[in-house]
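Order of appearance sets the numbers: ligands from 1, and atoms from 1 within every ligand. Just the heavy atoms: all of them, side chains too, but no hydrogens, waters or symmetry mates, feed the values below. We're numbering straight along the sequence, starting at 1.
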Amino acid sequence: MQRILYIPFDQLHRNYGVLKSANKSTDVIAMIESQNMIEGANWHPERLFFLISSARHFAQDLQDEGFTVDYRKATNTPTGLQEIQKKYEGAPIICAEQSSFRLTEKLTALNAEFIPNDFFLTPRDLFASWASTQKSYLMENFYRKQRVRLNILMEGDQPAGGAWNFDKDNRLPPPKNYTWPAYLEHSRDQIDTEVAKELNMSPTTTWATTRKGALAQLDYFIKNHFAHFGPYEDAMALDSWSLHHSLLSPYLNNGLLHPAEVIKAAEKAFKTGKVPIESAEAFVRQIIGWREYVNGMYWFLGPDYRNNNQLQANRKLLPLFEDPDKTQMNCIKSTVTDINDRAWVHHIPRLMLLSNLALVTGTNPQEFLEWMRRVFIDATDWVMVPNIIGMGVHADGGLMMTKPYAAGGAYISRMSNYCKSCVYNPKLRTGDTACPFTTLYWDFLDRHKETFAKSHRMSQQVFGLNRLSDLPELKERAQEVLEGLEKGLI
Ligand SMILES: Cc1cc2nc3c(=O)[nH]c(=O)nc-3n(C[C@H](O)[C@H](O)[C@H](O)COP(=O)(O)OP(=O)(O)OC[C@H]3O[C@@H](n4cnc5c(N)ncnc54)[C@H](O)[C@@H]3O)c2cc1C
Ligand code: SF4
């Protein structure tokens, strides 16, 4: 064999990356199950199962197609690749650019040859050339450029539907007396069973581990959810854990689906006239806007960005993140239970519940980041680092987002049905039944008032502190809440 084509577990697509130029008679495909990675953290079992089983299915498909595949378990990725290189007499390693700084460093040390990573719609240098001309990295500006560049939902040089943004039609609370479509179940085969046995776990039927299953999920979303995606995309409901979200992030992130395929399916459905523009636009914004922006920012901001802690947040990770029985807050208990069940919740619980709680309690950003990376099915370095450090907990001092996403119970009460059955009251900021989010929101603003008063987007909120006649009482309650959260009693 003349070349070793390395495929990491997040580039599982036949038509992209190194496989584009693969030759069955002269190339060996290398895939490594790193034991250090598997045993290195207390990963959510569903996440490990999904990543490993998808990779083993992919290797099997390549073998069935006639490729020589060397799929092996090794202490770590470099060791595995060195073993393969030894077997094939020093053949060169070729791979697509890796998705994290850490893997890039490891592959560079092995003298691997990189081809551009085409698992995204925006080359890294193109994003950098946009970002380096911006005063502030507004996603909205990037997104509009993407719409024009990729010619998606455009009518000539104007946005389809006459506007770039339909947020005014969206952001609805959860609907009442509503029947949600059934969840799509993915059946398990022999490879799945073997992987589950090795991991000593029983997988749910929530996540597909094959290309066929990922395509079925895309089709199910387009037919059953897409038309309603926009209006309820920010709502949180006790009677549906996924609402009208697509559940496509795991497949987009491990390569079983390419964003171009998802966009093509969405555009095709929009052209039938059955999908309103507010849903089509909202979904397209997530894929060509947010997803590409976050990946671009990861590479643009560099490897040290993850270490930011500009708000000096040093509290240890609260016990409720690991165990939902350690809290009485209905919204958090329900969210952490959902994560334990299937390693997923949608963007609003991630941002406005989990990250918001970490932000207002002053939880250490790096500890929170590590927890989020461990428990989500779709967590990867490139997506978690900007979403947490920049968007979730404002640890970069506003470099990525000009304003922290801090909110009290009123927001959560408006966008969900958690509060009605909670022991706390979202309207109260003091007293034993005050909503911890409401109390801690004001306490957070007060703790950082000097920093935030300088920001034109925050000064009004900080000014609101002056209207609180009960601030001393609130500060006392905030201390009780923080101590109670640490003890798992709130
Ligand atoms: C604090 C925080 C942490 C997050 N961590 C991750 C993560 O580890 N992995 C991940 O894939 N997404 C992450 N997201 C983004 C988003 O929450 C998930 O992509 C989404 O919930 C996945 O479910 P879905 O496929 O049903 O998404 P939908 O709501 O159906 O959206 C469609 C797609 O848009 C993309 N997308 C939307 N928002 C983002 C975003 N902010 N960043 C990147 N892609 C986006 C995803 O690929 C998603 O599949 C995070 C968001 C926040 C606020
Ligand atoms: S009252 Fe507060 S803690 Fe309870 S569910 Fe509502 S927002 Fe969450």
Side-chain angles (χ1 to χ4, degrees), residues 10 47 120 139 217-218 221 225-226 229-230 232-234 236 238 241-254 257 259 262-263 266 279 282-298 320 327-335 343-359 368-369 372-393 401 405 407-429 433-441 481 490:
D10 58 3
R47 174 184 155 83
F120 291 85
M139 201 297 285
Q217 186 69 45
L218 172 59
F221 166 69
H225 294 285
F226 186 24
F229 176 84
Y232 301 121
E233 70 172 319
D234 285 2
M236 298 176 277
L238 278 166
W241 58 263
S242 58
L243 295 96
H244 287 302
H245 288 273
S246 67
L247 304 182
L248 293 176
S249 53
Y251 318 116
L252 281 162
N253 293 358
N254 81 346
L257 291 178
V262 174
I263 285 297
S279 283
F283 185 68
V284 160
R285 167 185 295 264
Q286 304 302 315
I287 306 281
I288 70 165
W290 279 111
R291 186 169 192 274
E292 297 287 317
Y293 169 83
V294 160
N295 182 55
M297 288 303 277
Y298 174 80
L320 52 73
T327 184
Q328 300 179 65
M329 298 167 73
N330 204 22
C331 51
I332 294 290
K333 190 188 265 302
S334 168
T335 299
W344 184 93
V345 291
H346 74 71
H347 68 147
I348 296 300
R350 292 188 207 203
L351 185 64
M352 301 309 293
L353 296 180
L354 302 169
S355 303
N356 185 14
L357 186 65
L359 174 71
F368 180 62
L369 172 66
M372 291 282 279
R373 267 178 50 71
R374 279 198 289 109
V375 299
F376 277 99
I377 190 97
D378 54 15
T380 59
D381 213 45
W382 65 264
V383 64
M384 273 294 176
V385 170
N387 269 313
I388 302 288
I389 300 295
M391 182 144 61
V393 296
M401 301 285 142
Y405 281 90
Y411 171 86
I412 299 161
S413 172
R414 188 167 66 248
M415 295 309 295
S416 78
N417 45 28
Y418 293 131
C419 300
K420 281 200 182 103
S421 44
C422 183
V423 297
Y424 299 113
N425 181 341
K427 291 193 181 130
L428 299 181
R429 52 179 182 256
T433 56
C435 166
F437 272 116
T438 308
T439 310
L440 292 176
Y441 166 76
V481 171
I490 286 283

Quiz item: If you round to the nearest 0.5 Å, how far is OH of Y418 from SG of C435?
Solution: 13.5 Å
Quiz prompt | Location of contacts on L354 toward ligand 1, heavy atoms closer than 4.0 Å | solution = neither
Quiz item: Quick one: does Y293 get a heavy atom under 4.0 Å from ligand 1?
Solution: no
Quiz item: When you measure from atom 37 (C) of ligand 1 to every protein heavy atom, which one gives the shortest distance, and what is it?
Solution: Q286 OE1, 3.0 Å
Practice problem: State the OH-CG distance between Y424 and N330, to the nearest 0.5 angstrom. | Solution: 11.0 Å
Quiz item: When rounded to the nearest 0.5 angstrom, what distance separates CD1 in I332 from CG in L320?
Solution: 6.5 Å
Quiz item: Is there a side-chain contact between Y298 and M384 (heavy atoms, below 4.5 Å)?
Solution: no
Quiz item: Which of the atoms of ligand 1 are close to L252, meaning less than 4.0 Å from one of its heavy atoms?
Solution: 47 (O), 49 (O)
Quiz item: Counting from 1, what ligand 1 atoms have a heavy atom of I287 closer than 4.0 Å?
Solution: 32 (C), 33 (C), 34 (O)
Quiz item: Between F376 and ligand 1, is there a nitrogen or oxygen pair with a distance under 3.5 Å?
Solution: no
Quiz item: Is the side chain of H346 donor-acceptor paired with the backbone N or O of I348 at a distance under 3.5 Å, no angle test?
Solution: yes
Practice problem: Provide, to 0.1 Å, the distance between atom 43 (C) of ligand 1 and the closest protein heavy atom, together with that atom's residue and name. | Solution: V383 CG2, 3.4 Å
Self-check item: Heavy-atom gap G392 to ligand 1 smaller than 4.0 Å
Solution: no
Quiz prompt | Closest approach of any protein heavy atom to atom 21 (O) of ligand 1, naming residue and atom | solution = H347 N, 3.4 Å
Quiz item: F229 heavy atoms, cut-off 4.0 Å: which ligand 1 atoms fall inside?
Solution: 28 (P), 29 (O), 30 (O)
Quiz item: Which residue owns the protein heavy atom closest to atom 42 (N) of ligand 1, what's the atom, and how far is it?
Solution: N387 ND2, 3.1 Å
Practice problem: Kindly state each residue pair satisfying salt bridge (Lys or Arg N to Asp or Glu O under 4.0 Å) with at least one member in residues 379-389, sequence neighbours excluded. | Solution: R306-D381, R373-D381
Quiz item: Could you give the distance from NZ (K427) to OG1 (T433), rounded to the nearest 0.5 Å?
Solution: 12.5 Å
Quiz prompt | Atoms of ligand 1, numbered as shown, that sit under 4.0 Å from any heavy atom of L351 | solution = 53 (C)
Practice problem: Return yes or no for this condition: an N or O of W382 is under 3.5 Å from an N or O of ligand 1. | Solution: no
Exercise. Ignoring hydrogens and angles, tell me if any N or O in the side chain of R291 forms a donor-acceptor pair with the backbone of P259 under 3.5 Å.
Key: no
Practice problem: Would you name the heavy atoms of E233 and Q286 that are closest together and state the gap between them? | Solution: OE1-NE2, 3.3 Å
Exercise. Could you list the atoms of ligand 1 found under 4.0 angstrom from a heavy atom of S355?
Key: 1 (C)
Quiz item: Any side-chain heavy atom of F368 within less than 4.5 Å of one from L357?
Solution: no
Quiz prompt | Nearest-contact summary for atom 20 (C) of ligand 1 - protein heavy atom, Å | solution = R350 NH2, 4.1 Å
Quiz item: How long is the gap from CE on M391 to CD1 on I389, to the nearest 0.5 Å?
Solution: 12.5 Å
Quiz item: Considering only protein heavy atoms, which is closest to atom 30 (O) of ligand 1, and at what distance to one decimal place?
Solution: S246 OG, 2.7 Å
Exercise. Would you indicate whether the side-chain heavy atoms of F376 and R47 approach each other to under 4.5 Å?
Key: no
Quiz prompt | Atoms of ligand 1, numbered as shown, that sit under 4.0 Å from any heavy atom of H346 | solution = 21 (O)
Quiz item: Any idea which part of V294 is under 4.0 Å from ligand 1, heavy-atom wise: side chain, backbone, both or neither?
Solution: side chain
Quiz item: Which residue owns the protein heavy atom closest to atom 19 (O) of ligand 1, what's the atom, and how far is it?
Solution: S249 CB, 3.9 Å
Practice problem: Find all atoms of ligand 1 within a distance of less than 4.0 Å from any non-hydrogen atom belonging to W290, and give their numbers and elements. | Solution: 38 (N), 39 (C), 40 (C)
Quiz item: Do the side chain of T438 and the main chain of P426 share a donor and acceptor less than 3.5 angstrom apart?
Solution: yes
Quiz prompt | Shortest non-hydrogen contact from P349 toward T335 | solution = CB-CG2, 3.9 Å
Quiz item: Does even one non-hydrogen atom of F221 get within less than 4.0 Å of ligand 1?
Solution: no
Practice problem: Could you tell me which non-hydrogen atom of I490 sits nearest to which non-hydrogen atom of T327, and how far apart they are? | Solution: O-OG1, 2.7 Å
Quiz item: If you leave out waters, which protein N, O or S atoms are less than 2.8 Å from atom 4 (Fe) of ligand 2?
Solution: C422 SG
Exercise. Please state which part of N295 comes within less than 4.0 Å of ligand 1, counting heavy atoms only: side chain, backbone, both or neither.
Key: neither
Exercise. Show which atoms of ligand 1 fall inside a sub-4.0 Å distance from at least one heavy-atom site of M384.
Key: 5 (N), 7 (C), 8 (O)
Quiz item: How many angstroms lie between atom CG of L354 and atom CG of L359, to the nearest 0.5 angstrom?
Solution: 12.5 Å
Quiz item: Which atom pair, heavy atoms only, marks the closest approach of L353 to M236?
Solution: CD1-SD, 3.7 Å
Quiz item: Can you find a heavy atom in the side chain of Y251 that is under 4.5 Å from one in the side chain of D378?
Solution: no
Quiz item: What is the closest protein heavy atom to atom 9 (N) of ligand 1, and at what distance does it sit?
Solution: D378 O, 2.9 Å
